[in-house]
Engineer: 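Below you'll find the structure I mean.
In each ligand, atom 1 is the first atom listed, and ligand 1 is the first ligand listed. Please read all numbers here as calculations on a predicted model, not as lab measurements. Nothing fancy with the numbering, it's 1 onward along the sequence.
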Amino acid sequence: MRQAGRSLPEYRKVREGTAMLESCMRPDLVTEITLQPVRRHGVDAAIYFSDIVVPLKAIGLDLDIKPGVGPVVAEPIRTRADLDRLRPLEPDDVSYVTEAIGMLTGELGGTPLIGFAGAPFTLASYLVEGGPSRNHERTKALMYGDPQLWADLLDRLADITAAFLRVQIEAGASAVQLFDSWVGALAPEDYRRSVMPASAKVFDAVASYGVPRIHFGVGTGELLGLMGEAGADVVGVDWRVPLAEATRRVGADKALQGNLDPAVLFAPEQAVRAKAREVLDSAKAAPGHVFNLGHGVLPNTEPDALTRLVEFVHQTTEAR
Ligand code: 1CP
């Protein structure tokens with residue numbers, strides 16, 4: 001799961017002295033960091049080390065990832081004139097991604113590599129707010145106040161995101177995940193009207209490759225059905241909705257991903273096992289299940305707790 005690396009001493013060691021975005025542009029570092037959780041925990045898939053703002057940096061936006069804060073944009077996008085700064089992404093803009101995935105697929109052997117991108121809404125939130133936001137007020141002001149500019153902004157972001165996912169698939173990614181981390185801030189009708197068309201455009205653009213497409217969100221219980229409809233093969237669920245209920249909302253034709261609360265990993269091992277078993281039992285109703293946390297690994301998580309969780313999930317599912 002995202003930012004799994006942050007909990008690992010070997011991650012902090014290789015990152016020492018190198019800024020986050022600079023690390024994302026160095027194929028040697030990307031390869032090493034992507035492999036670290038696979039080596040240590042024996043997970044069934046690797047998630048490509050990058051960040052959702054990498055393609056925006058690659059088209060020339062002035063942004064940075066500030067330690068302890070997250071992505072920060074120097075000049076936020078708020079007017080029609082600002083849209084001109086969102087030019088299309090060309091594969092050459094991210095040649096380091098192609099190079100890193102080439103190295104990785106060699107090193108990973110048969111372990112699948114999951115590529116990813118930020119979804120248009122979540123990217124728009126960073127761009128419009130200028131950084132992380134609790135209430136997304138400027139973003140919503142634009143969405144409600146100038147629906148045409150909003151639609152054009154999301155459409156441009158959809159094209160950039162689709163191009164970024166295509167690069168990753170063509171380089172060898174075996175699945176892709178669209179992260180709409182903050183879309184749970186919206187009501188279903190607003191999602192359907194103002195966000196779903198752009199996310200659907202991204203899923204459509206990569207449908208012909210036939211790789212599984214995962215759609216991830218947080219606090220999206222009321223949006224699960226629509227997130228599936230947008231074109232996903234797998235819908236991510238956080239810990240607020242049991243997977244059996246999520247299957248009812250998403251439909252029996254889609255797999256689910258999730259949904260252990262990452263904070264559970266701070267509890268004693270017996271409690272972690274009991275909660276993980278609940279997830280596995282609840283998932284039996286779904287036609288497919290990717291066991292995962294409901295959101296990213298928290299930075300202070302004890303790495304051994306994760307290793308033990310992976311072992312437990314393997315033992316439990318192999319015995320079935
Ligand atoms: O495990 C991994 O390292 C996978 C790579 C990965 C992924 C999939 C990173 C590295 N970031 C992401 C996705 C990402 N980035 C999302 C979508 C998924 C999610 O909801 O977590 C989001 C919203 C971001 C934005 C972001 N980047 C934040 C969140 C800030 C906020 O708005 O609350 C943060 C803290 C970052 C920085 C970042 N990205 C990745 C890492 C390892 C870090 C920490 C930086 C560091 O180690 O110095």
Side-chain angles (χ1 to χ4, degrees), residues 1-26 29-41 43 45-57 63-73 76 97 100-101 104 113-136 139 157 161 164-165 168 173 175-185 199 214-220 227 236-239 257-259 262 292-301 303 306:
M1 199 24 144
R2 70 119 193 191
Q3 301 170 20
R6 283 189 302 175
S7 63
L8 302 182
E10 59 267 35
Y11 169 75
R12 292 194 284 265
K13 184 147 189 283
V14 292
R15 275 287 319 284
E16 233 165 66
T18 313
M20 176 64 196
L21 282 174
E22 197 191 326
S23 315
C24 297
M25 294 175 203
R26 287 204 12 210
L29 268 182
V30 169
T31 302
E32 168 58 22
I33 295 171
T34 302
L35 292 172
Q36 284 176 347
V38 181
R39 268 190 218 124
R40 189 193 260 259
H41 304 306
V43 282
I47 181 132
Y48 183 74
F49 177 77
S50 181
D51 191 80
I52 56 170
V53 296
V54 162
L56 303 177
K57 180 81 177 174
L63 59 84
D64 200 4
I65 296 182
K66 295 239 152 74
V69 179
V72 177
V73 183
V97 173
I101 292 183
L104 268 168
L113 176 67
I114 305 172
F116 74 90
F121 175 83
T122 290
L123 292 179
S125 170
Y126 285 109
L127 291 176
V128 175
E129 304 290 339
S133 163
R134 178 183 289 263
N135 298 314
H136 311 278
T139 311
L157 291 170
T161 295
F164 191 52
L165 290 179
Q168 295 175 62
V176 286
Q177 178 152 205
L178 192 67
F179 282 109
D180 214 348
S181 306
W182 312 139
V183 80
S199 295
I214 310 167
H215 200 175
F216 172 92
V218 181
T220 43
M227 288 178 70
V237 183
D238 76 13
W239 57 94
Q257 173 179 281
N259 67 345
N292 206 332
L293 303 182
H295 200 182
V297 175
L298 297 166
N300 295 327
T301 306
L306 273 172

Engineer: What distance separates Ile214 CD1 from Ile47 CD1, expressed to the nearest 0.5 Å?
Structural biologist: 7.5 Å
Engineer: Return the CD to CD distance between Gln177 and Gln168, rounded to the nearest 0.5 Å.
Structural biologist: 11.0 Å
Engineer: For ligand 1 and Tyr48, I'd like to know whether there is a polar contact (N/O to N/O, distance under 3.5 Å).
Structural biologist: no
Engineer: For the CG atom of Asp51 and the CG atom of Leu63, what is their distance to the nearest 0.5 Å?
Structural biologist: 9.5 Å
Engineer: Numbering the atoms of ligand 1 from 1, which are under 4.0 Å from a heavy atom of Ile65?
Structural biologist: 37 (C)
Engineer: Heavy-atom contacts with Tyr126 under 4.0 Å: which atoms of ligand 1 show up? List them by number with element.
Structural biologist: 23 (C), 25 (C), 29 (C), 30 (C), 31 (C), 32 (O)
Engineer: Would you mind listing which atoms of ligand 1 come within a distance below 4.0 Å of any non-hydrogen atom of Val69?
Structural biologist: 30 (C)
Engineer: Measure the distances from the heavy atoms of Val53 to every atom of ligand 1 and state whether one is below 4.0 angstrom.
Structural biologist: no
Engineer: Are Pro67 and ligand 1 in contact, using a heavy-atom cut-off of under 4.0 Å?
Structural biologist: no
Engineer: Would you give the length of the straight line joining atom OG of Ser50 to atom CE of Met25, rounded to the nearest 0.5 angstrom?
Structural biologist: 9.0 Å
Engineer: Does even one non-hydrogen atom of Gln177 get within less than 4.0 Å of ligand 1?
Structural biologist: no
Engineer: Residues two or more places apart in sequence or in another chain: which of them pass side-chain contact (heavy atoms from CB on, under 4.5 Å) with Val218?
Structural biologist: Phe216, Asp238, Arg240, His295
Engineer: Would you mind telling me if ligand 1 is within reach of the side chain of Ile33, the backbone, both or neither, using heavy atoms under 4.0 Å?
Structural biologist: neither
Engineer: What's the spacing between Phe49 CZ and Ser23 OG if we round to 0.5 Å?
Structural biologist: 5.0 Å
Engineer: Carefully, step by step, assess Leu56 and Val73 under the rule side-chain contact (heavy atoms from CB on, under 4.5 Å).
Structural biologist: CA-CA 10 Å; Leu56 303 177; Val73 183; over 6 Å; no
Engineer: Does any N or O atom in Thr122 lie less than 3.5 angstrom from one in ligand 1, N or O only?
Structural biologist: no
Engineer: Just jot down the ligand 1 atoms closer than 4.0 angstrom to any heavy atom of His295, in number order.
Structural biologist: 19 (C), 20 (O), 21 (O)
Engineer: Any idea which atoms of ligand 1 are less than 4.0 Å away from a heavy-atom of Arg15?
Structural biologist: 46 (C), 47 (O), 48 (O)
Engineer: Using a strict 4.0 Å threshold on nitrogen-to-oxygen distance, state whether Glu22 and Lys57 make a salt bridge.
Structural biologist: no
Engineer: So, does Ser50 sit close enough to ligand 1 that a heavy atom of it is under 4.0 Å from the ligand?
Structural biologist: yes
